[in-house]
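Reviewing the structure listed below.
For the single chain, residues carry numbers from 1 onward in sequence order. This structure is a prediction, so every number in the text was calculated from the model and none was measured.
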Amino acid sequence: MKLTFILWLTFAIFATAMGQVTEVVPAVATDTVKTVQNTVSPLTKKNRAAPSEAKYTFLNGLNFDFNSNDKTSYVGHFNIYVPATETNNWAINTGIMKITYMPKDSLVETKIENVLINPLDVIDGVGDQYKRQFNRHSAQTNASSFSLYVQPMYRFKTLGTAQIYVHGHLELLMSKYETKTKIKTIQTEEVTIAAGDPIPAEADLIRFLPSQTTKTVNLNTGNIGAGVTFDFNFRDNCVLFFQATTGIALNHADNFPTIDDEGNYTIATSGKSQKFYLVRTYFQYFTSTATQLVIGTDIRGYFPKQTPYTSVYIGINLGLDKIFSM
């Protein structure tokens with residue numbers, strides 16, 4: 001449901017912008033154009049986004065977790081974007097981004113487990129006791145990443161104020177996967193070993209079973225890819241930036257938690273390369289010459305079957321070049 005909403009939001013923003021691109025503006029006389037230009041408000045002129053102007057930005061924002069109404073996390077993005085000009089079709093986009101993704105759906109399993117009444121108990125004969133429990137294990141993984149990327153870009157199409165690029169993608173991605181497992185006992189009974197009863201092996205006995213465990217895995221990988229970029233300036237004070245990228249990740253993380261040697265749920269990693277995809281969209285509204293309100297989405301995952309990690313965020317973008325020029 002949450003992925004459907006994010007995809008719908010991304011499509012809605014993109015479709016709105018495309019509608020603006022395809023608007024046909026009839027030709028008017030030069031005097032009329034001058035009249036219209038003279039009637040543009042000072043605020044609009046002040047906030048106007050220059051399509052070919054280099055942009056140095058610093059975004060501070062919050063992303064939202066639709067599984068929890070009161071849970072947010074920080075999103076930071078420092079970016080340098082030098083778009084193509086009238087005489088040069090080449091551009092560059094580079095930056096550093098810190099983002100936290102929404103948790104995926106929980107993995108739920110039920111188990112029958114033997115738990116010692118006291119952690120130091122030894123079960124080795126008649127009369128010894130332990131607990132036999134029917135437990136529900138619910139594991140959920142939170143992912144966050146720190147991305148350093150460089151994207152050389154080449155403009156191959158211009159539609160009004162919209163510029164369409166092909167881009168290369170070089171990225172160092174440092175990710176953290178935190179898997180939290182909640183354990184709920186549904187039923188428990190005490191077992192007393194009688195004569196002739198089998199004695200459980202030590203490996204089949206759990207000395208202590210906490211109500212929650214947390215396992216953290218860090219993964220650093222290089223990503224190499226290519227894609228398409230759509231950069232559109234419209235209504236004098238709005239910018240839509242859309243990117244779709246695919247390529248090869250030099251190593252990757254598995255889709256769902258697995259059980260490690262200690263019996264805890266965690267995300268396993270692999271040193272094998274894997275195809276990845278990244279869809280990044282953000283909409284900027286210029287509130288002043290140096291600041292913009294930003295609404296963005298980030299969708300990242302691995303082919304062919306991994307459920308993507310998603311993020312929806314809102315924040316304030318500071319145009320550092322504008323601030324320094326004041």
Side-chain angles (χ1 to χ4, degrees), residues 1-14 16-17 55 57-79 81 93-106 139-149 151 169 171-180 214 216-221 223 227 229 238-245 249 253 255 257 267 276-287 291-302 306-320:
M1 185 67 181
K2 61 189 178 186
L3 178 59
T4 302
F5 170 77
I6 294 170
L7 292 174
W8 177 87
L9 177 62
T10 301
F11 175 78
I13 295 174
F14 186 76
T16 301
K55 302 173 180 66
T57 56
F58 182 53
L59 169 71
N60 289 277
L62 296 173
N63 76 316
F64 300 97
D65 181 358
F66 294 106
N67 296 320
S68 176
N69 294 329
D70 59 351
K71 188 175 181 180
T72 59
S73 55
Y74 174 75
V75 176
H77 192 191
F78 175 74
N79 176 260
Y81 174 45
N93 184 48
T94 183
I96 303 171
M97 189 173 192
K98 167 68 173 67
I99 194 167
T100 301
Y101 296 97
M102 287 184 288
K104 292 186 177 182
D105 295 335
S106 298
Q140 189 174 66
T141 299
N142 295 277
S144 61
S145 68
F146 191 78
S147 168
L148 292 83
Y149 63 89
Q151 296 176 328
H169 182 83
E171 179 183 30
L172 173 60
L173 183 67
M174 294 168 282
S175 302
K176 182 173 76 171
Y177 301 93
E178 185 179 76
T179 302
K180 291 184 178 180
T214 301
T216 300
V217 173
N218 295 304
L219 176 67
N220 299 331
T221 183
N223 293 337
T229 299
C238 298
V239 174
L240 174 70
F241 191 85
F242 171 87
Q243 278 194 330
T245 305
N255 193 11
I267 290 292
F276 80 92
Y277 59 90
L278 172 63
V279 180
R280 180 166 290 162
T281 305
Y282 55 83
F283 170 80
Q284 291 179 307
Y285 174 74
F286 282 67
T287 55
T291 60
Q292 303 95 45
L293 177 67
V294 179
I295 301 174
T297 63
D298 217 74
I299 304 172
R300 182 188 290 272
Y302 298 101
Q306 189 190 63
T307 305
Y309 288 98
T310 57
S311 177
V312 176
Y313 59 88
I314 186 170
I316 297 296
N317 190 53
L318 301 178
L320 299 180

How many angstroms lie between OG1 in Thr94 and CG in Asn79, if you round to the nearest 0.5 Å?
7.5 Å
Tightest non-hydrogen contact, residues Phe286 and Cys238, listed as CD1-N, 4.5 Å
So do the side chains of Glu178 and Thr214 get within less than 4.5 Å of each other, counting heavy atoms only?
yes
State, to 0.1 Å, how close Val294 and Gln284 come at their nearest heavy-atom pair, and which atoms those are.
CG2-CG, 3.8 Å
Counterpart residues, side chain to side chain contact (heavy atoms under 4.5 Å, CB included), relative to Leu62 (two or more places apart)
Thr72
Nearest atoms (heavy-atom pairs only) where Ala249 meets Phe276:
N-CD2, 3.7 Å
Can you tell me if NZ on Lys176 sees more than 12 non-hydrogen neighbours from other groups inside 6.0 Å?
no
Would you confirm whether Asn63, through its side chain, and Thr100, through its main-chain N or O, come within 3.5 Å as a donor-acceptor pair?
yes
Locate the shortest heavy-atom distance separating Ser144 from Lys98; write the atom from each residue and the value.
CB-NZ, 4.2 Å
Interatomic distance, OG1@Thr291 vs CZ@Phe58, rounded to 0.5 Å, equals 14.5 Å
With sequence neighbours left out, the residues meeting side-chain hydrogen bond (donor to acceptor under 3.5 Å, both in side chains) with Tyr277 are none
Contacts of type side-chain hydrogen bond (donor to acceptor under 3.5 Å, both in side chains), residue Thr229, not counting sequence neighbours
His167, Gln243
Could you check if a side-chain atom of Val75 sits within less than 4.5 angstrom of a side-chain atom of Met97, using non-hydrogen atoms only?
yes
Kindly indicate whether the side chain of Val279, heavy atoms from C-beta on, has any atom under 4.5 Å from the side chain of Thr297.
no
Which atoms form the tightest heavy-atom contact between Pro257 and Ile267, and what is the distance?
N-CD1, 3.8 Å
Does Phe241 have any ring-ring contact (aromatic ring centres under 6.0 Å, His included) partners at least two apart in sequence or in another chain, and if so, which?
Tyr81, Tyr282
Would you give the length of the straight line joining atom OG1 of Thr141 to atom OH of Tyr101, rounded to the nearest 0.5 angstrom?
15.0 Å
Would you check if Ile316 and Leu59 make a side-chain contact, meaning some heavy-atom pair closer than 4.5 Å?
no
Hey, what do you get for OH (Tyr309) to OH (Tyr302), rounding to the nearest 0.5 Å?
9.0 Å
Apply side chain to side chain contact (heavy atoms under 4.5 Å, CB included) to Glu171 and list each qualifying residue two or more places apart in sequence or on a separate chain.
Ser147, Tyr149, His169, Leu173, Asn223, Arg300
side-chain hydrogen bond (donor to acceptor under 3.5 Å, both in side chains) filter on Asn142, not counting sequence neighbours, yields none
Rounded distance (nearest 0.5 Å) linking atom CG of Leu278 with atom CD1 of Ile299
9.0 Å
Given Asn60 and Tyr74, is the side-chain contact (heavy atoms from CB on, under 4.5 Å) satisfied, shown in steps?
CA-CA 7 Å; Asn60 289 277; Tyr74 174 75; 2.7 Å; yes
Give, for atom CG of Leu148 and atom CZ of Phe78, the distance between the pair rounded to the nearest 0.5 Å.
11.5 Å
